[in-house]
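Scroll down for the structure; my scribbles are underneath it.
Throughout, protein chains are lettered first and strands after them, A, B, ... in sequence-line order, and every chain is numbered starting at 1. What you are looking at is a predicted structure, and each value in this text was computed from that prediction instead of being measured.
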Amino acid sequence: MLQVPFIRENKDLVITRLAKRNFDASQIIEEVITFDEARKQIQTELDNTLAESNAISKEIGMLYKSGQAEKANVLKAKTSDLKETSKELSEKLNAKTEALTDLLYKIPNVPHESVPKGNSDEDNEEIFKEGTIPTLHEGAMPHWELAKKYDIIDFELGNKITGAGFPVYKGKGARLQRALIAYFLDKNTEAGYTEYQLPHLVNEASCYGTGQLPDKEGQMYHDSRDDLYLIPTAEVPGTNIFRDVILNENELPIGITGYTPCFRREAGSYGAHVRGLNRLHQFDKVEIIRVEHPDNSYNAFNGMIEHVQNILRELNLPYRILRLCGGDTGFPSAMTYDFEVFSTAQDRWLEISSVSNFENYQANRLKLRFKNSEGKNELAHTLNGSSLALPRVLAGILENYQTEDGIVIPEALVPYTGFNIIN
RNA sequence: GGAGAAAUGGCAGAGUGGUCGAAUGCGGCAGUCUUGAAAACUGUUGAGGGUCACACCUCCGGGGGUUCGAAUCCCUCUUUCUCCGCCA
């Protein structure tokens with residue numbers, strides 16, 4: 001969430017930048033400032049009351065020690081009023097603080113100045129495109145038909161075991177999936193990220209830390225018995241490593257990577273756009289997460305973009321990069337670039353990675369700080385990105401690499417699959 | 001799942017009703033000494049609110065209670081350790 005002093009000092013900027021998301025902040029910002037003023041005033045009153053009663057208590061102690069019990073009893077009588085007052089004030093303070101926090105939770109992150117204004121994915125800007133779109137043979141198929149033809153993914157079986165959106169990978173399909181995970185992890189660790197294996201269930205505090213709660217409650221699977229959530233992305237357990245942490249400046253930057261399955265309830269649409277691997281309730285993803293010094297976070301962001309580009313180049317998939325407009329940028333993100341791979345058989349672009357800089361928005365929730373050169377605690381910046389999400393990469397490979405003889409495995413993956421064609 | 005013990009600052013570890021935001025040691029930082037380093041010595045070293053800066057307030061696992069006053073007493077939850085049971 002945003003910091004109140006930042007809002008107070010940059011009202012106009014906050015309002016104009018949030019307008020890029022079509023978020024009218026003018027009123028809520030005034031409310032935040034008013035609430036904060038009120039909070040401070042109550043806090044001061046409470047502090048004064050407590051100071052007074054602390055002083056009296058101390059005096060009573062000394063009087064007892066010197067055997068002046070009567071005088072002490074006189075003072076005791078005085079404290080009951082103070083107690084009453086401080087109780088009322090602290091209730092008021094709690095209510096105010098809670099109301100303020102609720103307001104802050106409702107304000108999304110301020111987009112970076114380069115983020116274009118816009119409402120939906122139609123307003124995203126294509127900023128880069130690379131790779132050749134292959135010309136497919138007669139009778140080329142979308143991946144869900146290929147999956148059936150070669151018997152590598154069984155959607156109906158997943159349907160039987162669990163329900164829609166839980167595919168079963170079989171044989172070479174399963175092996176290819178495992179190969180991709182290993183390949184991505186290797187690429188990420190070569191680039192300096194430390195590999196982690198993270199829990200797939202997280203508690204409520206972690207969901208608040210990264211911002212899935214309170215705004216995305218319905219999108220996560222929730223075990224109410226133990227009050228745990230199935231992770232929608234490795235971002236949640238990965239970033240929460242740093243909740244309530246104060247780092248030394250020289251520990252920055254930190255880069256971690258992890259493979260996890262991801263679970264999303266996604267009340268979505270139906271039809272061709274969600275067919276096959278396009279949209280799932282359970283899918284695999286390899287994530288990269290960075291904790292950065294604020295001065296370096298956009299540098300690091302560019303580094304992450306290049307990193308993902310390198311992988312896509314090596315896989316020789318046609319892709320493009322989009323700069324998301326304000327309206328399409330995630331709630332806690334200041335800037336997001338999406339990667340899309342071209343699915344030749346479906347004749348459409350599929351999102352395969354999303355790289356975001358959260359600046360200090362998550363860090364403020366997480367209380368993730370570092371000791372800066374002045375010895376002061378300062379919020380760090382957090383970033384993350386998919387490197388990469390499996391299903392649509394798999395869809396892209398199946399569709400773009402299909403030949404009349406079968407599906408050719410990209411060269412970089414052959415050492416991981418142990419075979420070079422699915423037929 | 002059953003029985004018992006425990007949770008204190010970066011770490012270790014004292015503290016059982018007032019003078020305790022908390023001894024001491026280690027670690028960190030700064031300085032003295034040294035050509036430099038080590039050692040030794042001196043100082044400093046938790047977080048949040050608040051203030052121009054002080055003052056002041058809150059925090060000893062979380063929540064609640066007793067008391068004029070709680071790290072210390074009571075209740076409750078969570079976690080950790082030991083023993084038993086079960087088990088990939």
> Mind checking who B/A3 pairs with, Watson-Crick or G-U wobble, both distances under 3.5 Å?
Replying inline: B/U82

>> Check for me whether the distance between the ring centres of A/His293 and A/Phe370 falls short of 6.0 Å.
In response: yes

> At under 4.0 Å between heavy atoms, what does A/Ser57 touch on the DNA or RNA strands: base, sugar-phosphate, or nothing?
Replying inline: base

> Over how many whole Å does the gap from A/Leu63 atom CG to B/U19 atom P extend?
Replying inline: 15 Å

> Counting only distance, no hydrogens or angles, is the base of B/G49 paired donor-acceptor with the side chain of A/Asp47 under 3.5 Å?
Replying inline: yes

> For A/Gln41 and B/G49, what is the distance between atoms CD and P respectively, to the nearest whole Å?
Replying inline: 19 Å

>> With salt bridge (charged side-chain N to carboxylate O under 4.0 Å, His left out) as the rule and sequence neighbours excluded, what pairs involving residues 175-189 of chain A come up?
In response: A/Lys187-A/Glu190, A/Lys187-A/Glu314

> What is the nucleic acid contact for A/Asn377, judged by heavy atoms within less than 4.0 Å: base, sugar-phosphate only, or nothing?
Replying inline: sugar-phosphate

> Which part of the nucleic acid does A/Lys40 contact within heavy-atom distance under 4.0 Å: base, sugar-phosphate only, or nothing?
Replying inline: sugar-phosphate

>> Using a 4.0 Å heavy-atom cut-off, does A/Asn248 contact any base of the nucleic acid, only the sugar-phosphate backbone, or nothing at all?
In response: nothing

>> Between A/Asn188 and A/Glu195, is there a side-chain donor-acceptor contact under 3.5 Å, judged purely by atom types and distance?
In response: no

Validation: residues 236-244 of chain A side-chain donor-acceptor distances under 3.5 Å, sequence neighbours left out:
from	atom 1	to	atom 2	distance (Å)
A/Thr239	OG1	A/Glu235	O	2.6
A/Asn240	OD1	A/Arg243	NE	2.7
A/Asn240	ND2	A/Ser206	O	2.8
A/Asn240	ND2	A/Val236	O	2.8
A/Arg243	NH2	A/Ser206	OG	2.9

>> Need the pair for B/G43. Rule: Watson-Crick or G-U wobble, both distances under 3.5 Å, any strand; none if unpaired.
In response: B/C29

> Rounded to whole angstrom units, what separation is found between the CZ atom of A/Arg369 and the C1' atom of B/A47?
Replying inline: 7 Å

>> Students often get this wrong, so: under 4.0 angstrom with heavy atoms, is A/Ile56 touching a base, only sugar-phosphate, or nothing?
In response: nothing

>> Tell me which nucleotide, if any, is Watson-Crick or G-U wobble paired with B/U67 when both distances must be under 3.5 Å.
In response: none

> Do NZ/NE/NH1/NH2 and the carboxylate oxygens of A/Glu287 and A/Lys285 come within less than 4.0 Å?
Replying inline: yes

> Considering only heavy atoms, which members of residues 80-99 of chain A lie under 4.0 Å from some atom of RNA chain B?
Replying inline: A/Lys83

>> Side chain of A/Arg39, heavy atoms from C-beta onward: which of B/C68, B/G50, B/C57 has the nearest atom to it?
In response: B/G50

> Taking atom types as modelled, is there a side-chain donor on A/Ser333 or A/Asn109 under 3.5 Å from an acceptor on the other?
Replying inline: no

> Between A/Phe166 and A/Phe155, does the ring centroid distance fall short of 6.0 Å?
Replying inline: no

